Every structure is written in C-alpha cells, then in structure tokens.
Amino acid sequence: MISNVSGKGVAAAAVVLCLSGCAGMPSAGGSSSSGSAVASGPTPSPEIITRETSSRYASSLQEWAEKNLRFAKQSSKVSDRQIQILEESVQSGEVSTADYERAWSNYKQCVVGKGQPEPQLVKYPNGLYAQMGVTGSERKAGAFLSAAQACNTAEVLYVVMVYNAQVGNPGLYQDSDEQMVDCLHRAEFIPKSYTVDDYRQERRADAFSFDKLDVNVRSCEVASNKAVLYDSDPVQDLGW
C-alpha cells in the first residue's frame, strides 16, 4: 500500500511501506497532528490468525514455530530458505538470532534481485528489524513496494512471527494490544497498574501517559507487529 504523508506536496509525495497488512491504520488524510503516519511492518496474514477460542497463539513457542512452519509450507510464495529456518526452529525450540539476521539478509537480496534498491532497515534496541519508510515518486515507490511485499512473504514473514514472539511476546498473546502492554510491563516502562483498556483508550485519543517515541515503546510496537512510522523517522529515498 502506498499512502501520502502530510507535509509533502503532490509532486514530491512521501510514501510509506506496509508489509503484509497494516495494523492500526488511521483514517485517510495522512498523519495526525501528533505526527503519526501509517502503520508498517509485518503483521499476521489472515492464514496465520488462528480461529481457536484461546487468547494465545499456541501453548508453547515450539508449537507456535510448528504452526508457522505448516503455514509456510502451505504457501507457494515462501522460499525454501525461510522454510529451512523454520524447520530448524522447530527442532531447537526457537529461531536463533543468526537465523533471524539471515532471513532479513535474504529479504534484502530478494528485493535487489528484483531490480530494486537494497532495502534499508531500522534496528531497534531489542534487536528487531523493520522496513524503513520510503520516499520517492509513485512509480518508483510502487515498484519497490511490489518487490518488498513479495520478498517479505518469501523470506521473513513467518520467521518474524516466531522471533517477535520470542523477544516481545513470550506469553504468546494473540491480541496485539495485550502483547504491547505486556511488553511495556516487562520493560518496566509503565506501571503494573496500567491495563490494556488504558492503552486502548489512550491510543484512540492519541494521548498517551508515556512517551510514544521512546525507544522502549518503539521496540514493543515492532515486537507486537504494530510498528508505526512518524514524521520524524528517517526514510529511504528512492528518487523521483
């Protein structure tokens, strides 16, 4: 998806990259007065969101890895490289940091192999990566986005779902808001009395009792598959 960011003219429209769907997307019209733009980064695809009544993805990380491996094998769009990483994670019970890094390296190579500039990633303090927002003409951004979406599915989508849970969602909560609040609690960034309802109310009002731009918050957003781009964030210039 390509979306204009406020503060840019039509002839020089900034665009933001949404891989595998966008969670928490604001209404049309660009960023809010607080500077938030659209959500970006990998989110669970429809096939990965379970239909079980449980509020958790699985009973253990290994089971979650097994589910992702099964989903990946059912897709014709997933590379053998990603499947191999997932198979190793099932055997070991987790995705290693080296394999997580390798998956993102494969993603970059995939995008370049489709004739696009090498993607620039943002690395957060918890070690998680997210695709940087991009700026450029609609033609160049559209071509980049098409390649990036395909390569995201091929190389990192399911690995990310497992690794993000390892790092930021050890409780394997399905609800992304619950993931977010649990992550912030474990980072000791918010008081234990702060609830999921508190977070939802503050998010709707876009008025938080904490600094939403703090690296702890940004790290938890990525871990919860709800990374958000802000006007102050660096972007990758694809040219005009």
Side-chain angles (χ1 to χ4, degrees), residues 19-21 23 41-52 54-113 119 121-131 148-176 178-188 215-216 218-227:
L19 299 179
S20 311
T43 59
S45 62
E47 65 184 317
I48 221 172
I49 299 175
T50 62
R51 300 297 190 269
E52 299 168 354
S54 170
S55 62
R56 299 175 190 266
Y57 286 129
S59 60
S60 68
L61 186 64
Q62 185 166 14
E63 183 185 342
W64 182 224
E66 291 171 350
K67 286 185 177 182
N68 279 275
L69 174 59
R70 184 167 66 252
F71 293 137
K73 285 185 172 181
Q74 291 171 353
S75 172
S76 61
K77 299 179 181 180
V78 176
S79 73
D80 291 340
R81 292 180 295 273
Q82 185 173 187
I83 288 176
Q84 181 183 4
I85 292 174
L86 291 166
E87 287 175 338
E88 292 172 357
S89 73
V90 169
Q91 293 177 358
S92 65
E94 64 178 14
V95 173
S96 70
T97 300
D99 279 345
Y100 176 73
E101 297 272 354
R102 178 156 59 96
W104 278 108
S105 177
N106 292 339
Y107 163 75
K108 287 184 177 182
Q109 293 173 19
C110 176
V111 174
V112 172
L121 307 178
V122 179
K123 187 173 186 178
Y124 290 87
N126 56 2
L128 298 184
Y129 288 102
Q131 168 70 52
Q149 287 180 321
C151 291
N152 178 270
T153 299
E155 303 295 349
V156 298
L157 175 62
Y158 298 100
V159 169
V160 162
M161 292 304 297
V162 178
Y163 196 78
N164 282 10
Q166 283 178 212
V167 172
N169 182 24
L172 298 174
Y173 300 113
Q174 287 195 49
D175 185 273
S176 62
E178 194 169 0
Q179 293 175 33
M180 182 73 178
V181 172
D182 179 63
C183 181
L184 291 174
H185 277 154
R186 286 181 291 101
E188 299 183 346
V215 291
N216 293 286
R218 306 299 298 274
S219 292
C220 285
E221 284 177 342
V222 176
S224 303
N225 306 301
K226 60 195 306 175

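Index from 1, following the sequence. This one's a predicted model, so the numbers in the text were calculated from it and none came from an experiment.
- What you find for Ala103 and Val156 is that their closest heavy atoms are O-CG1, 3.2 Å.
- Closest approach of Ile85 and Asp99 over heavy atoms only: CD1-O, 3.6 Å.
- Partners of Asn216 under the side chain to side chain donor-acceptor pair (under 3.5 Å) rule, at least two apart in sequence or in another chain, are Asp214.
- A pairwise comparison of heavy atoms in Pro119 and Gln131 identifies CB-OE1, 3.4 Å as the closest pair.
- The closest donor-acceptor contact from the side chain of Gln166 to the backbone of Val95 lies under 3.5 Å.
- The distance from the CG atom of Asn152 to the CD atom of Gln82 is 8.5 Å, given to the nearest 0.5 Å.
- Here Arg186 pairs with Asp182 under the side chain to side chain donor-acceptor pair (under 3.5 Å) rule; sequence neighbours left out.
- What you find for Tyr158 and Phe71 is that their closest heavy atoms are CE2-CB, 3.7 Å.
- Shortest non-hydrogen contact noted between Asn126 and Ala223 is ND2-CB, 4.2 Å.
- Ser59 meets the side chain to side chain donor-acceptor pair (under 3.5 Å) test with Glu63; sequence neighbours excluded.
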Item to check | Trace of the side-chain contact (heavy atoms from CB on, under 4.5 Å) decision for Trp104 with Val160 | outcome: CA-CA 9 Å; Trp104 278 108; Val160 162; 3.8 Å; yes
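- Counting only distance, with no hydrogens or angles, the side chain of Ser79 and the backbone of Ala154 share a donor-acceptor pair below 3.5 Å.
- The heavy-atom pair separating Ser89 from Ala65 by the smallest distance is OG-CB, 3.6 Å.
- Sorted by first and then second residue, the salt bridge (Lys or Arg N to Asp or Glu O under 4.0 Å) pairs involving residues 151-160 (not counting sequence neighbours) are Arg81-Glu155.
- Between the side chain of Gln179 and the main chain of Ala165, no donor-acceptor pair closer than 3.5 Å is present.
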Next on the checklist: Pair Tyr107, Leu121 - check side-chain contact (heavy atoms from CB on, under 4.5 Å), show working.
Outcome noted: CA-CA 11 Å; Tyr107 163 75; Leu121 307 178; 4.1 Å; yes
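- Atom CG of Leu172 and atom NZ of Lys67 lie 9.0 Å apart (nearest 0.5 Å).
- Among residue pairs with one or both ends in residues 83-92, those qualifying as salt bridge (Lys or Arg N to Asp or Glu O under 4.0 Å) are Lys73-Glu87, Glu88-Arg102; sequence neighbours excluded.
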Checklist entry - When you look at Lys123 and Glu101, which way does the side-chain contact (heavy atoms from CB on, under 4.5 Å) test go after all the steps? => result CA-CA 11 Å; Lys123 187 173 186 178; Glu101 297 272 354; 3.4 Å; yes
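- Distance alone, capped at 3.5 Å, is enough to place a donor-acceptor pair between the Ser219 side chain and the Val215 backbone.
- A distance-only check finds no donor-acceptor pair linking the side chain of Lys226 to the backbone of Met180 [under 3.5 Å].
- Contacts of Thr97 classified as side chain to side chain donor-acceptor pair (under 3.5 Å), with partners at least two apart in sequence or in another chain: Tyr163.
- Between the Trp64 side chain and the Met161 main chain, a donor and an acceptor come within less than 3.5 Å of each other.
- Counting only distance, with no hydrogens or angles, the side chain of Asn164 and the backbone of Val222 share a donor-acceptor pair below 3.5 Å.
- Without hydrogens or angle criteria, Glu94 side chain to Leu61 main chain gives no donor-acceptor distance under 3.5 Å.
- Atoms CG and SG, from Asn106 and Cys151 in turn, are 10.0 Å apart once rounded to the nearest 0.5 Å.
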